[in-house]
Amino acid sequence: MPDNAKNAIRLAVLGGGNMAEAIVRGVLSSRFLPAESITVFDPVEARREVFALLGCRAVADRDNLLPADVVLLATKPQIARDALAGFPLDRNHLLVSIAAGLSTDVLAGCVPDGVRIVRVMPNTPLMGNVGMSALCPGAQAGPDDLAVARALFAGAGDTVIVPEDLMDAVTAVSGSGPAYLFRFAEALIDGGADLGLDRDTATRLVLQTILGSARMLVSGEAPSVLRERVTSPGGTTAAALQVMNDGDFSGLIGRALAAARDRGRELGKG
């Protein structure tokens with residue numbers, strides 16, 4: 001896509017929460033769009049001020065979002081349908097949605113015929129520019145639409161394209177994934193405290209261990225290989241892992257992911 005085509009894009013953001021802020025900050029840091037081409041709607045003045053300080057136009061009236069070429073739907077999924085109701089979109093607009101659980105077919109039923117739609121499942125590490133976003137195009141969206149949508153998220157992390165029938169699986173693995181890691185960190189800290197460590201020391205040990213381990217994981221070696229390097233036969237790590245295996249750790253994670261996927265499907269049905 002030519003640079004002049006990128007800079008000509010006008011972005012309207014429907015909902016100015018933390019995820020919208022992370023996306024806009026990524027767009028600005030990657031220089032995909034200039035601040036003056038972005039308008040954000042949020043009814044909360046404090047949230048509008050955040051975007052105004054970034055140089056964007058921030059409005060309290062949804063109808064003042066347009067004109068725009070791309071509309072980012074960044075509301076909670078429970079109110080997404082109401083947010084789109086009566087909103088004057090047409091076939092000239094690309095709608096990019098991060099509303100969890102709402103399929104492109106559901107979204108198409110909320111907007112006039114011909115509106116191109118790309119559905120995205122980002123996760124909260126976008127707020128630290130290390131997010132993961134999975135995208136799938138709707139029936140009307142073409143390659144250029146997908147490229148524009150991808151560029152909106154690439155400034156705040158990595159992106160992948162997946163078939164829509166796997167988006168609920170993406171939500172279970174990546175969208176909800178940070179919470180699983182946070183819960184595991186909680187358990188490690190609690191366990192360290194139970195073993196006699198003071199809570200501050202346990203917290204520092206766990207957080208640095210997670211940070212260092214994550215950096216090793218992104219080096220490209222398989223998790224199983226890295227795990228085996230830490231696990232000496234008959235050693236302390238092997239003893240701990242045996243307890244996890246005896247408790248069906250992998251099965252527990254699989255059941256948790258299935259529950260998240262199934263809940264996503266329920267939400268999508270309204």
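In what follows, residues are counted from 1 in the order of the sequence shown.
- Applying the salt bridge (charged side-chain N to carboxylate O under 4.0 Å, His left out) test to R25 and every residue at least two apart in sequence or in another chain returns E21.
- The 12-atom threshold is exceeded at CG of D63, counting heavy atoms of other residues, nucleotides or ligands nearer than 6.0 Å.
- A side-chain donor-acceptor contact under 3.5 Å links E164 to the backbone of T104.
- The environment of R255 atom CZ is dense: over 12 non-hydrogen atoms of other residues, nucleotides or ligands sit within 6.0 angstrom.
- In terms of modelled atom types and a separation under 3.5 Å, the side chain of R116 and the main chain of R91 share a donor-acceptor contact.
- S232 places no side-chain N or O within 3.5 Å of a backbone atom of G235 that could act as its donor or acceptor partner.
- A salt bridge is defined here as a Lys NZ or Arg NE, NH1 or NH2 lying under 4.0 Å from an Asp or Glu carboxylate O, and R10 with D69 meets this definition.
- Closest of all the heavy-atom pairs between L14 and R62 is CD1-CG, 3.5 Å.
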Report the C-alpha distance between V71 and L66 in whole Å, list the side-chain angles of each, state the deciding distance to 0.1 Å, and finish with yes or no for side-chain contact (heavy atoms from CB on, under 4.5 Å). CA-CA 9 Å; V71 175; L66 302 181; 4.3 Å; yes
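- For the pair R48 (side chain) and P43 (backbone), a donor-acceptor distance under 3.5 Å is present.
- In the model, T159 has a side-chain atom that pairs as donor or acceptor with a side-chain atom of R150 under 3.5 Å.
- Distance alone, capped at 3.5 Å, is enough to place a donor-acceptor pair between the S219 side chain and the M216 backbone.
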